[in-house]
Participant: 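Input: one structure, supplied below.
Chain letters run A, B, ... following the sequence lines, proteins first, then strands; residues in each count from 1.
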Amino acid sequence: MTKQKLLLLDGNSLAYRAFFALPLLTNDSGIHTNATYGFTTMLQKIIGEENPTQMLVAFDAGKTTFRHESFGEYKGGRQKTPPELSEQFPYIRKLIDAYNIKRYELEMYEADDIIGTLAKQAAGQGIEVIVVSGDKDLTQLATEDVTVYITRKGITDIEKYTPAHIEEKYGLTPEQIIDMKGLMGDQSDNIPGVPGVGEKTAIKLLKEHGTIEKLYEAMDSLKASKMKEKLVDNEEMAHLSKKLATIHTDAPLTISLDDLAYAGPDEEALLNVWQELGFKSLIEKSDFEAVETEQAELVFENVQAITGDMLKETMAIHLELENEHYHSCNALGLALSDGERTVYTAIDNVVDNADLKAWLQDETKKKYIVDSKATQAMLHRLGIELKGVEFDLLLASYILKPSISGDDVATLAKEFGYQDVQSNEAIYGKGAKWFVPGADHVAEHVSRKAVAVWNLQPLLEQKLKENEQFELYKELELPLAHILGKMESEGITVNIDTLRQMGDDLKAKLEVMEATIYELAGEKFNINSPKQLGVILFDKLGLPVIKKTKTGYSTAADVLEKLQSEHDIVKHILEYRTLAKLQSTYIEGLIKEVHKEDLKVHTRFQQALTSTGRLSSTNPNLQNIPIRLEEGRKIRKAFVPSKKDWILFAADYSQIELRVLAHMCGDDALVEAFQQGMDIHTRTAMDVFNLENPDEVTSLMRRTAKAVNFGIVYGISDYGLSQSLDITRKEAAIFIENYLQSFPGVKNYMDTSIEEAKKAGFVTTILNRRRYLPDITSSNFNLRSFAERTAMNTPIQGSAADIIKKAMIDMNARLEHEGLQTKLLLQVHDELIFEAPKEEIEILERIVPEVMENAIKLSVPLKVEFSYGATWYDAK
DNA sequence: AGATTGCTA
DNA sequence: AAATTTAGCAATCTA
């Protein structure tokens, strides 16, 4: 039998060490993970290196210990444990349990004493003992059989204290460590020691006299000195301090060495905890990754045809797709489940099945789905118009936990404690390794998804109701998904010839500019490489360095603008950049996205992604088509109606975010300004610059006021405002100060929002959308400040998002009600873009503003402006 | 895969 | 003592 080896860990000390050694990390669900992560890596390393046969992690029990009886101030004056660390202790315990390591704490005793007692017992039985802690006091336990590992700097860097090492380092024996501490005291434990005696003096005295007791016995023979006086005056304290510093090796433990056997972790439990904490790198590195969580057996049928008897009044369905590009990819198969019976069929059996098609199109047959929009769009391509969506797991999860990233059923399900479904990656692999496994594997995987959706529906609806978010989900997001699906499937027509023509012009211009830039630089280089460009500008041409990035010189536009007067090349680079951006992103990029079949682009609106409730748009992103500069704005000429004699009609909310702010903060001056229909930036300028008359506001003042207004919405700092206006910080601070004095209600709103976030842990929008802000109480300035700004910004941005979403639903209903041909095509945060036959323009001019302005009633009016034209460019 | 840059509301 | 304005997506370069 191999020699036994016992590892004794000081849980509290190591957790503290890990916490302070690592930056405040946060995982997806907002839990801090630096201590848990550091603790885990330390465990991994030490177990891997030492291969212990027994293990124990000792913790301090309560607040008071036997040491407090002899010295009330013991450990007094200690900083309270930071909440970011306290919240991690439960997870550390979970981790230890998952490792199958014994945990132990004992009333009235500290972890040190538990460790000391067990170390002594084990050494007595000839067991090799290793003690691990971040606290050097423990080194007093070192013997021939006991080695003490103390963490250095980080958490995995370790210094090994044997008696020999202690002798070498201090010239003392391990027992003398106690005397040393008795003399020098310990600030962290509030042990006083002898004032004026530090490490050097203590060591010197102990080398000479051996122990504190012998030192005092020999006191009379010492020559008079300041030092001697101090020692004599504090004799009692010295003895007490030594007593406090002594680790007890005879604590009345209720466990024995036999309870400490260690035989490796419970891999499944450990994976679960790691998953919960988001330790993706550890999960990937672990050699037990292949061990998938044991899944409950699933009964399902892989059938050739879905028959009428399988189609119930209410069912979960899952249409499995190859990937997320549901406007172009293939579908693999369809599973249906009513909780009792689960059937799957390959996609080829779906299209021609009249019963199934009728059932899918039947409004009265209720469907539970994950990502109903994707399902609707894919089925639409197969000639099936999905109706009767009753539940959408993706949207429900998003409302409950906006921070979840990913739309994989397994990810969503796990968030709500459901394990019996595997990740897409586990089934298909990813990247170059992606492939579709055998039909039976797919059938089971897809069936499991349908069953998961079925099982999660009641739980999520209940949670939504508990949060008073059911209405937001059911009346806003769910119907919106249907509308967005229609918009995406409809698509918007792109005139490729227009783009090609623009691309050719750009190409010619870019070639000329390239030549000019090479000429001015004196050599050829890759202008698109910030690194190479940096070398040219700052090394070769010697331009002053204004800003640096992590990796080198910054060559961003705001930097280059400041360098324009320094060298001719700069303005050419700026111009080159502008055109190159248009060429690659908006000409070439857009052309790639045009579907050949209908000459349209079909974006995907991500409805469960942003933390504020906004939509986002991908493949292509149609929410960032250029408009500010004329050169870029011309791209919009390529967006045209799908039919002859139709037009594009665009309607946007004017200053919706400021109006929302006015509504939410109720500031009299701001509310009044909007109620009177004033130009809000002019009004702000009058307040910021202390003017009586609107005529006194210059265009520069208005521009400044506009920047202040934007800043206010984002939770500005003087620095930020100074950057955006290119003014000094002081000037910026004065503007903000003046603003907040003129609109005290806004100031109050900011403070209240932060207060609310601290109290409830989240902020809310008009329609009760939530954003959780765990960092609001962080001790890390940056994290906390960011959370504070988002506490102010999210209700504003999110409520504006609520309003336009509601407007989309109302608009859809109104178009249907009026029996119009007009189609909603795009949403760009505060604007809606329609295509319409010319004959309907007049009606739209009337109903679009009406519907949008009345989507949600605020205490200030909402204002909508509109325009239309033959292309998106002309709708201005 | 991450960093840099630049486009939108 | 240091950083400093919200929310996104995509192209390109570099390691």
Participant: With a non-hydrogen cut-off below 4.0 angstrom, is A/A580 in contact with a base, only sugar-phosphate, or nothing?
Facilitator: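 A/A580: no heavy atom of the nucleic acid under 4.0 Å.
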
Participant: Is any side-chain heavy atom of A/I804 closer than 4.5 Å to one of A/H829?
Facilitator: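 When only atoms from C-beta onward are counted, A/I804 and A/H829 do not touch, as no gap falls below 4.5 Å.
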
Participant: So do the side chains of A/V640 and A/Y873 get within less than 4.5 Å of each other, counting heavy atoms only?
Facilitator: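 A side-chain contact under 4.5 Å is absent here.
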
Participant: Below 4.0 angstrom from OP1 or OP2 of B/dG6, is there any side-chain N or O of A/R628?
Facilitator: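 Negative; the distance criterion is not met.
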
Participant: When you check the phosphate oxygens OP1 and OP2 of B/dA3, does a side-chain N or O of A/S554 lie under 4.0 Å from one of them?
Facilitator: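 So the side chain of A/S554 is outside the cut-off, no N or O lying under 4.0 Å from OP1 or OP2 of B/dA3.
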
Participant: Could you tell me the separation between the CG atom of A/D558 and the C1' atom of B/dT4, rounded to a whole number of Å?
Facilitator: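 After rounding, the reported distance stands at 12 Å.
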
Participant: Could you check which of C/dT12, C/dG8, C/dT6 has an atom nearest any side-chain atom of A/S584?
Facilitator: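 My answer, after comparing the listed nucleotides, is C/dT12.
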
Participant: If we ignore angles and hydrogens, is there a donor and acceptor under 3.5 Å between the side chains of A/D874 and A/T871?
Facilitator: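 Yes.
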
Participant: Select base, sugar-phosphate, or nothing to describe what A/N619 touches, counting heavy atoms under 4.0 Å on all strands.
Facilitator: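 Here A/N619 touches the backbone only, sparing every base.
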
Participant: Provide, to the nearest angstrom, the distance between the OH atom belonging to A/Y576 and the P atom belonging to B/dT5.
Facilitator: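 From A/Y576 OH to B/dT5 P: 15 Å.
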
Participant: Name the nucleic acid region contacted by A/S611, choosing base, sugar-phosphate or nothing; use a 4.0 angstrom heavy-atom cut-off, strictly under.
Facilitator: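 Sugar-phosphate, no base atom in range.
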
Participant: Side chain of A/P530 only, heavy atoms from C-beta on: which candidate in C/dC13, B/dC7, B/dA3 is closest?
Facilitator: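 Shortest atom-to-atom distance from the side chain points to C/dC13.
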
Participant: Between C/dA11, C/dG8, C/dT6, which nucleotide has the shortest distance from any of its atoms to the side chain of A/T585?
Facilitator: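 Of the candidates, C/dA11 comes closest.
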
Participant: Figure out the NZ/C1' separation between A/K805 and B/dA9, and round it to whole Å.
Facilitator: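 Value for this atom pair: 15 Å.
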
Participant: Rounding to a whole Å, what distance do you find between A/I573:CD1 and B/dG6:C1'?
Facilitator: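 Rounded to whole Å, this separation is 16 Å.
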
Participant: Please determine, for the side chain of A/K581, which listed nucleotide (B/dC7, B/dA9, C/dA7) has the closest atom?
Facilitator: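 Ranking B/dC7, B/dA9, C/dA7 by closest atom to the A/K581 side chain puts B/dC7 first.
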
Participant: CZ of A/R784 versus C1' of C/dA1: gap in Å, rounded?
Facilitator: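 These atoms are roughly 14 Å apart.
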
Participant: Would you please confirm or rule out a distance under 4.0 Å between OP1 or OP2 of B/dT4 and any side-chain N or O of A/T549?
Facilitator: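 Answer yes for this pair, as a side-chain N or O of A/T549 is under 4.0 Å from OP1 or OP2.
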
Participant: Whole angstroms only, please: what is the CG-C1' distance between A/D830 and C/dT6?
Facilitator: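 Interatomic distance, CG of A/D830 to C1' of C/dT6: 14 Å.
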
Participant: A/K550 has an atom NZ; how far is it from atom C1' of B/dG2, in whole Å?
Facilitator: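 Spelled out: NZ on A/K550 to C1' on B/dG2 is 8 Å.
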
Participant: For the side chain of A/A556, counting heavy atoms from C-beta on, which of C/dC13, B/dG6, C/dA7 is nearest?
Facilitator: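 Taking heavy atoms from C-beta onward, the closest nucleotide is B/dG6.
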
Participant: Could you check whether the side chain of A/N624 and the base of B/dC7 have a donor-acceptor pair of N or O atoms closer than 3.5 Å, going by distance alone?
Facilitator: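 Present.
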
Participant: Considering only atom P, compute the distance from C/dA2 to B/dT5 and round it to an integer number of Å.
Facilitator: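 Pairwise P distance, C/dA2 against B/dT5, rounds to 23 Å.
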
Participant: Is there a side-chain contact between A/S616 and the phosphate of C/dC9, meaning an N or O under 4.0 Å from OP1 or OP2?
Facilitator: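 Yes.
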
Participant: Which of these nucleotides, C/dA7, C/dT6, C/dT4, is closest to any side-chain atom of A/Y714?
Facilitator: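 Of the candidates, C/dT6 comes closest.
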
Participant: Walk me through whether A/Y473 and A/N768 qualify under side-chain hydrogen bond (donor to acceptor under 3.5 Å, both in side chains).
Facilitator: CA-CA 10 Å; A/Y473 153 77; A/N768 234 2; over 6 Å; no

Participant: Considering only side-chain heavy atoms of A/F781, which listed nucleotide, C/dA11, C/dA7, C/dA3, is closest?
Facilitator: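 Nearest listed nucleotide: C/dA3.
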
Participant: On the nucleotide C/dT4, are OP1 or OP2 found under 4.0 Å from the side-chain N or O atoms that A/R789 carries?
Facilitator: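 It does not, given that no N or O in the side chain of A/R789 lies less than 4.0 Å from OP1 or OP2 of C/dT4.
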
Participant: How is A/L582 classified with respect to the nucleic acid when contacts are heavy atoms under 4.0 Å: base, sugar-phosphate, or nothing?
Facilitator: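 No contact.
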
Participant: Is it the case that C/dT6 (base atoms only) and A/Q797 (side chain only) share a donor and an acceptor within less than 3.5 Å, ignoring hydrogens and angles?
Facilitator: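 Flag set: donor-acceptor pair detected.
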
Participant: Check the phosphate of B/dT4 against A/T551, side-chain N and O only, distance under 4.0 Å to OP1 or OP2. Yes or no?
Facilitator: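 Yes, A/T551 has a side-chain N/O under 4.0 Å of OP1/OP2 on B/dT4.
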
Participant: Starting at the 5' end of DNA chain C and moving along, which residue's nearest nucleotide shows up first, A/A707 or A/K592?
Facilitator: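 This one resolves to A/A707.
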
Participant: In this structure, are over 12 heavy atoms from other groups packed under 6.0 Å from A/K509 atom NZ?
Facilitator: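 No, not enclosed.
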
Participant: For B/dT5, does either OP1 or OP2 sit under 4.0 Å from a side-chain N or O belonging to A/T555?
Facilitator: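 For A/T555, the contact criterion (side-chain N or O under 4.0 Å from OP1 or OP2 of B/dT5) is met.
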
Participant: Between C/dT14, C/dG8, B/dG6, which nucleotide gets closest to the side-chain atoms of A/K531?
Facilitator: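 The nucleotide sitting nearest to the side chain is C/dT14.
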
Participant: For B/dA3 and C/dT4, measure between their P atoms and round to the nearest Å.
Facilitator: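 One P to the other, the span is 15 Å.
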
Participant: If you measure from the P atom in C/dA3 to the same atom in B/dT4, how many Å do you get, rounded?
Facilitator: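 C/dA3 and B/dT4 have their P atoms separated by 14 Å.
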
Participant: Among A/K373, A/H602, A/R604, which residue meets the side chain to side chain donor-acceptor pair (under 3.5 Å) test with A/E488?
Facilitator: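 Among the candidates, only A/K373 passes.
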
Participant: Over all strands shown, is A/I712 touching base, sugar-phosphate only, or nothing at heavy-atom distances under 4.0 angstrom?
Facilitator: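 The answer is nothing, as A/I712 stays clear of every strand by at least 4.0 Å.
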
Participant: Indicate, with a heavy-atom threshold strictly under 4.0 Å, whether A/I627 touches base, sugar-phosphate, or nothing.
Facilitator: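 Contact class for A/I627: sugar-phosphate only.
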
Participant: Answer with yes or no whether the side chains of A/N526 and A/S529 bring together a donor and an acceptor at under 3.5 Å.
Facilitator: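 Absent: no donor and acceptor within the cut-off.
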
Participant: Check this one for me: any side-chain N or O of A/R577 less than 4.0 Å away from OP1 or OP2 of B/dG6?
Facilitator: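 The answer is yes; a side-chain N or O of A/R577 sits under 4.0 Å from OP1 or OP2.
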
Participant: Do the side-chain N or O atoms of A/Q532 get closer than 4.0 angstrom to the phosphate oxygens (OP1, OP2) of C/dT14?
Facilitator: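 It does, given that an N or O in the side chain of A/Q532 lies less than 4.0 Å from OP1 or OP2 of C/dT14.
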
Participant: Is the phosphate of C/dA7 approached by A/R614 (side-chain N or O, under 4.0 Å from OP1 or OP2)?
Facilitator: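 It does not, given that no N or O in the side chain of A/R614 lies less than 4.0 Å from OP1 or OP2 of C/dA7.
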
Participant: I need the A/Q655 CD to A/F710 CZ distance, nearest 0.5 Å.
Facilitator: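 That separation rounds to 8.0 Å.
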
Participant: If you compare every side-chain N and O of A/S529 against the phosphate oxygens of C/dT14 (OP1, OP2), does one of them come in below 4.0 Å?
Facilitator: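 The answer is yes; a side-chain N or O of A/S529 sits under 4.0 Å from OP1 or OP2.
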
Participant: Compare the minimum distances between each of C/dA7, B/dC7, B/dT5 and the side chain of A/F786, then state the nucleotide with the smallest one.
Facilitator: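 My answer, after comparing the listed nucleotides, is C/dA7.
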
Participant: In whole Å, what is the span from the CG atom of A/L721 to the P atom of C/dT6?
Facilitator: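 Atom-to-atom, A/L721 to C/dT6, this comes out as 14 Å.
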
Participant: Between A/N526 and C/dC13, does any side-chain N or O lie under 4.0 Å from OP1 or OP2?
Facilitator: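 True: A/N526 side-chain N/O within range (under 4.0 Å) of C/dC13 OP1/OP2.
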
Participant: Is the closest side-chain donor-acceptor distance between A/Y553 and A/D539 under 3.5 Å?
Facilitator: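 Short answer, yes.
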
